[in-house]
Amino acid sequence: MTQRRSFEIGTGLFILLGFAALGYLATQTTSLANYRQGPTYALKARFTNIGQLKLRAPVKVAGVRIGSVQTIELEPDRLEALVTLAIDKRFSQLPDDSAAAVFTSGLLGDQYVALQPGGSPEMFKDGDEVVLTQSSMQLEELIGKYLVGGNSPGKNEKDDAKASGTN
Amino acid sequence: MTTPRSNGVFGSGLAEIGAIGLFLLSVLSAVPRSLRYLRETVRQVYFIGAMSLVIIATCGLFVGMVLGLQLYYVLSKFGGTAALGSVVSLSLYRELGPVVTALLFAGRAGTSITAEIGLMRATDQLSAMEMMAVDPLAYVVTPRFLAGILAMPLLACIFNLMGILGAHVVGVSWLGLDNGTFWSNMTDSVDVWTDVINGVWKSLVFGGVVTLLAAFQGYTTAPTSEGVAYATTRTVVYSAIATLAIDFLMTAFLM
């Protein structure tokens, strides 16, 4: 009888331990761990090009994660990407002239949204829009600009002038 | 299927594969009948799962430590030691966890299943069960098969956990990698479904394959001490080959 009890207890412990390991691996070592954030507030940002930015990509200030990308939509009228950022409520002291940029972590890493704090005394509120944005750097675009710019520098300057004029 | 092979010499490989396929079908058809012997399944989970825990956990720890050392050495050449956590966890979840656990499981639990069932065959216990109207497939083979399918993913998860722990000890405590970098790189690059759950699927299949092969070798062994010895050896050889071959197929499909 005691032997039977001992293997039943052993089996139960083993199964518990196994599922606990699975639970730990699934929730603490994967992207699910990044869900573990308290109440958040939303910020919107428009980008002309978001590159490979994905849902749940991190939002960082000074390299520290403060939130994640919640939705990515294409605005039908302006044909720009409208990105909603869910920022942790703990980081509510973001000046409302902060700039958002899409960066790549490392040489080959995933893309993330970096917020560069400005100097305004006013802080962002829930639902505000980040006006100053910088789109993701496209390697092909940079190479193309470099090649074109190398051949005829005047044309490149003209393009830049035209682009700033339309903005 | 109930007649044992007359000797250790088996015919063509095709006949062997066909026999294993038929054996799988009869084991699956015996599953509803084996529900009467649920306690036997629990006992088998203890013997082939819980008793394998120590070897799996120890090996997982050392595999993680070796991975940590080797990858740190390689990654430091590219200035990418920050990626240690994610590389270790991805290689454990996707490949090493399921495969190494299956190989260890074949050595620890598979051989004991073959030897036990083979000895039952050699001492005519299986025939005696049939005589008493107890289906040996439902009472002996199927509980081990089900226990293998249940125990293997749990063992693989424990192996992975110990591996991460080992890599953490080497990378963070010994080599001075930043703790936050280790974990945040891991959480940024590991996905639950494509990495963790795919590994669980793999180990589920490996558990079924290893226990099926082990039970088949024991069930069809030549009823001599030499036959049992050969059957035990074949269990390890076939399990290793089948595990790696199925691993390749599953990786190709689950990618």
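Just so it is clear: chains get the letters A, B, ... in the order the sequence lines come, proteins before strands, and each one is counted from 1. All values below were derived from every heavy atom in this structure, side-chain atoms included, with hydrogens, water molecules and symmetry-related copies excluded.
- A:Glu8 and B:Arg43 are not joined by a salt bridge, as no carboxylate oxygen comes within less than 4.0 angstrom of a charged side-chain nitrogen.
- Proximity to chain A (any heavy atom under 4.5 Å) is restricted, for B:Val196, to the side chain, taken from C-beta onward.
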**Study point:** Test log, rule side-chain contact (heavy atoms from CB on, under 4.5 Å), inputs B:Val190 and A:Leu25
**Key:** CA-CA 10 Å; B:Val190 179; A:Leu25 294 180; over 6 Å; no
Exercise for review: Please test A:Thr29 against B:Tyr93 for side chain to side chain donor-acceptor pair (under 3.5 Å), starting from the C-alpha separation and ending with a verdict.
Suggested key: CA-CA 11 Å; A:Thr29 69; B:Tyr93 295 161; 2.5 Å; yes
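- In B:Arg33, the CZ atom is crowded: over 12 heavy atoms of neighbouring residues, nucleotides or ligands sit closer than 6.0 Å.
- Rounded to the nearest 0.5 Å, atoms OG1 (B:Thr187) and CZ (A:Arg65) are 7.0 Å apart.
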Exercise for review: May I have the step-by-step check of side-chain contact (heavy atoms from CB on, under 4.5 Å) for A:Leu17 and B:Leu53, ending in yes or no?
Suggested key: CA-CA 10 Å; A:Leu17 194 64; B:Leu53 200 58; 3.6 Å; yes
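- In the displayed structure, B:Gln125 atom CD is contacted under 6.0 Å by more than 12 heavy atoms of other residues, nucleotides or ligands.
- In terms of heavy atoms, B:Val192 sits closest to A:Ala26 at CG2-O, 3.6 Å.
- The two residues B:Cys157 and A:Gly18 come nearest to each other via the heavy atoms CB-O, 4.0 Å.
- For B:Ile158, the parts lying near chain A are the backbone and the side chain together; criterion is any non-hydrogen pair under 4.5 Å.
- One distance of note links OG1 of A:Thr30 with CH2 of B:Trp193; it measures 10.5 Å at 0.5 Å rounding.
- Around CD of A:Glu75, the count of heavy atoms belonging to other residues, nucleotides or ligands within 6.0 Å exceeds 12.
- In the displayed structure, B:Glu95 atom CD is contacted under 6.0 Å by more than 12 heavy atoms of other residues, nucleotides or ligands.
- Contact count against chain A (heavy-atom pairs under 4.5 Å) is highest for B:Ala151 among B:Ser89, B:Pro153, B:Ser189, B:Ala151.
- No part of B:Ala156 comes within reach of chain A, as not one of its non-hydrogen atoms sits under 4.5 angstrom from that chain.
- Contacts of A:Asp96 classified as side-chain hydrogen bond (donor to acceptor under 3.5 Å, both in side chains), with partners at least two apart in sequence or in another chain: A:Ser120.
- If you measure heavy-atom distances from A:Tyr24 to chain B, the contacts under 4.5 Å come from the side chain alone.
- A:Glu129 pairs by the side-chain hydrogen bond (donor to acceptor under 3.5 Å, both in side chains) definition with A:Arg46, not counting sequence neighbours.
- Rounding to the nearest 0.5 Å gives a distance of 5.5 Å between CZ of B:Arg39 and CZ of A:Phe7.
- Residues of residues 204-215 of chain B lying under 4.5 angstrom from chain A, judged on non-hydrogen atoms, do not exist here.
- Neither the backbone nor the side chain of A:Leu13 comes within less than 4.5 Å of any heavy atom in chain B.
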Check your understanding: Between A:Leu22 and B:Leu154, does a side-chain contact (heavy atoms from CB on, under 4.5 Å) hold up when you go through it step by step?
Key -> CA-CA 7 Å; A:Leu22 175 61; B:Leu154 301 180; 5.8 Å; no
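- Between B:Ala50 and A:Gly10, the shortest heavy-atom distance links the atoms CB-O, 4.1 Å.
- Annotation: ring-ring contact (aromatic ring centres under 6.0 Å, His included) contacts involving residues 136-187 of chain B, sequence neighbours excluded, comprise B:Tyr37-B:Tyr139, B:His168-B:Phe182, B:His168-B:Trp183.
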